Amino acid sequence: MASHFSRNQRFSFAALLLLFELFAVNLITADAQIGVCYGMMGNNLPAANEVISLYRSNNIRRMRLYDPNQAALQALRNSGIELILGVPNSDLQGLATNADNARQWVQRNVLNFWPSVRIKYIAVGNEVSPVGGSSWYAQFVLPAVQNVYQAIRAQGLHDQIKVSTAIDMTLIGNSYPPSQGSFRGDVRSYLDPIIGYLLYAGAPLLVNVYPYFSYYGNPRDISLPYALFTAPNVVVWDGQYGYQNLFDAMLDSVHAAIDNTRIGYVEVVVSESGWPSGGDFGASYDNARVYLDNLVRRAGRGSPRRPSKPTEIYIFGMFDENGKSPEIEKHFGLFNPNKQKKYPFGFGGKRDRKIVMDDFNATNPLKSDM
């Protein structure tokens, strides 16, 4: 059949199709790096088996669970969902002071479900700091991590299941410019031995990264587009590295802080990031929709300091949780408690070619995705 297109038109059309294919591949890669945190602090949330079905029907392939909820673990069997399994701070002392407790914890919550539940990381404690409200727990974090690790290692699973802890950005003393990132002097004696252990065990540091709270705390110096991934150009140059969004700058300040300890190379997994849809300054449905959609897109890439390693990111959270406080904490959900999506974007298979075409024709191209 004779073609009705000129040679140049055929070439342009082929090039456009190739661009669409590359864009689609990039989105698939991004989806493979995205998880969602499943918090349960609400009195109106669906049953665990319904929640796991919701993950699967929305092609969310990774989950963070904050404690070894038995109903959730049962529902995760053979789901194919990779899991960060949390140890609550309240359990740290028992695991730190008695290795038998750690072995029993691992037997009850890991071995009883492995390998039908694909546990990837164990987060021993969340946002513990040696200074402030959680300081009492700090003495137990490293020994608890070590005891859980030894229990995992005794089963020969230490290469498949990595044991770590999750920190927040308050442990960073300096984050600007990102290359000068450093941990606070008053937390180094707590954190350095943990980083040393992670280096030994080949485990990543889990870090909760929230541009929202940085923007909230300093809207004079941090622009909303920079925080929402919508700045049209590089906002911050740091030597050879250009930063078009605050998330990358914050993440690289953690990479630099680890490097600047001179302990060794430890990877970072973003174990929480999100934006609230209401409840306080800068929190709105539109801001949350833009941030979260762009965060999903961004996950397939590395950061300026770590360009070759796609960033693994867990969005907080699955639902609005009415049992949390203060008010702002109630508004981070991707879904409403009735299981309806709060936002129009999707994950994985939900990003079909039509969506890709729409993305390509968007009026505000996300240059940081290119």
Side-chain angles (χ1 to χ4, degrees), residues 12 15-16 18-31 33-34 169 172 174-181 207 209-257 259 268 270 273-276 281-313 315 343-345 351 355-370:
S12 298
L16 197 58
L18 178 60
L19 185 59
F20 286 150
E21 291 294 337
L22 290 173
F23 209 92
V25 168
N26 184 51
L27 287 173
I28 290 168
T29 304
D31 295 317
Q33 301 296 329
I34 275 283
M169 293 295 293
I172 298 286
N174 183 57
S175 61
Y176 183 86
S179 61
Q180 299 303 305
V207 185
V209 179
Y210 284 96
Y212 167 75
F213 289 111
S214 295
Y215 169 71
Y216 176 92
N218 190 11
R220 184 176 63 86
D221 294 328
I222 296 173
S223 74
L224 186 60
Y226 186 51
L228 293 178
F229 297 91
T230 57
N233 299 298
V234 169
V235 175
V236 172
W237 280 104
D238 181 14
Q240 69 191 47
Y241 303 120
Y243 292 91
Q244 200 167 342
N245 65 79
L246 179 57
F247 178 90
D248 278 352
M250 293 175 71
L251 178 57
D252 270 356
S253 74
V254 178
H255 289 138
D259 294 345
V268 172
V270 178
S273 190
W275 195 286
F281 170 79
S284 70
Y285 175 87
D286 284 340
N287 286 349
R289 175 185 57 79
V290 170
Y291 179 81
L292 294 166
D293 192 13
N294 288 335
L295 186 66
V296 172
R297 299 165 190 271
R298 184 249 170 269
R301 296 185 291 103
S303 67
R305 287 183 74 90
R306 301 280 192 273
S308 62
K309 177 72 175 179
T311 309
E312 190 175 338
I313 299 170
I315 294 174
Y343 307 105
F345 58 83
R351 289 177 172 265
I355 299 295
V356 172
M357 297 280 283
D358 288 345
D359 291 338
F360 183 77
N361 291 319
T363 54
N364 293 315
L366 299 168
K367 295 181 182 177
S368 58
D369 282 345
M370 301 302 179

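These figures come from a predicted structure and were not determined experimentally.
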Task: With Arg305, the salt bridge (charged side-chain N to carboxylate O under 4.0 Å, His left out) member among Asp252, Asp259, Asp248 - done: Asp259
Task: Non-hydrogen atoms of Asp238 and Ser179 that approach each other most closely - done: OD2-N, 2.7 Å
Open item on the list: Using only atom types and a distance under 3.5 Å, with no angle test, would you say the side chain of Arg298 pairs donor to acceptor with the backbone of Gly302?
Closed with: yes
TODO: Run through Tyr291, Tyr285, Trp275 and flag the one making a ring-ring contact (aromatic ring centres under 6.0 Å, His included) with Tyr343.
DONE: Tyr285
Task: Short side-chain to backbone donor-acceptor contact, Thr311 and Arg301, under 3.5 Å - done: yes
Open item on the list: With rounding to the nearest 0.5 angstrom, report the OG1 to CD distance, Thr230 to Gln244.
Closed with: 9.5 Å
Task: Asn287 side, atom CG; Leu224 side, atom CG - distance, nearest 0.5 Å - done: 5.0 Å
Open item on the list: To check you understand the geometry: which heavy-atom pair defines the closest contact between Ala299 and Ile34, and what is its length?
Closed with: CB-CG1, 3.5 Å
Open item on the list: Please give me the minimum heavy-atom distance between Pro304 and Gly242, naming the atom from each residue.
Closed with: CG-O, 3.8 Å
Task: Expected output: side-chain Asp293 to main-chain Arg289 donor-acceptor under 3.5 Å - done: no
Task: Atom pair CE/CZ of Met169 and Phe213 - distance to nearest 0.5 Å - done: 13.0 Å
- [ ] Assess whether atom OH of Tyr241 is packed by more than 12 heavy atoms of other residues, nucleotides or ligands within 6.0 Å.
- [x] yes
- [ ] Considering non-hydrogen atoms only, spot the tightest contact between Ala227 and Leu246 and give its length.
- [x] CA-CB, 4.1 Å
TODO: Hey, could you give me the OG/OH distance between Ser253 and Tyr243, rounded to the nearest 0.5 Å?
DONE: 8.5 Å
Open item on the list: I'd like to know whether Val236 forms a side-chain contact (heavy atoms from CB on, under 4.5 Å) with Tyr226, so could you lay out the CA-CA distance, the side-chain angles of the two residues, the decisive distance to 0.1 Å, and finally the verdict.
Closed with: CA-CA 10 Å; Val236 172; Tyr226 186 51; 3.6 Å; yes
Task: Chi angles and distances behind the side-chain contact (heavy atoms from CB on, under 4.5 Å) call for Val209, Ile313 - done: CA-CA 9 Å; Val209 179; Ile313 299 170; over 6 Å; no
Task: Phe247 to Ser273 - nearest heavy-atom pair and separation - done: CE1-OG, 3.8 Å
Open item on the list: Keeping Ser175 on the side-chain end and Met250 on the backbone end, is there a donor-acceptor pair under 3.5 Å?
Closed with: no
TODO: Please find out if less than 6.0 Å separates the ring center of Phe281 from that of Tyr215.
DONE: yes
Open item on the list: Show the nearest heavy-atom pair for residues Ala288 and Pro276, with the distance to one decimal.
Closed with: CB-O, 3.8 Å
Task: Stepwise side-chain contact (heavy atoms from CB on, under 4.5 Å) check, Phe229 with Leu295 - done: CA-CA 8 Å; Phe229 297 91; Leu295 186 66; 3.9 Å; yes
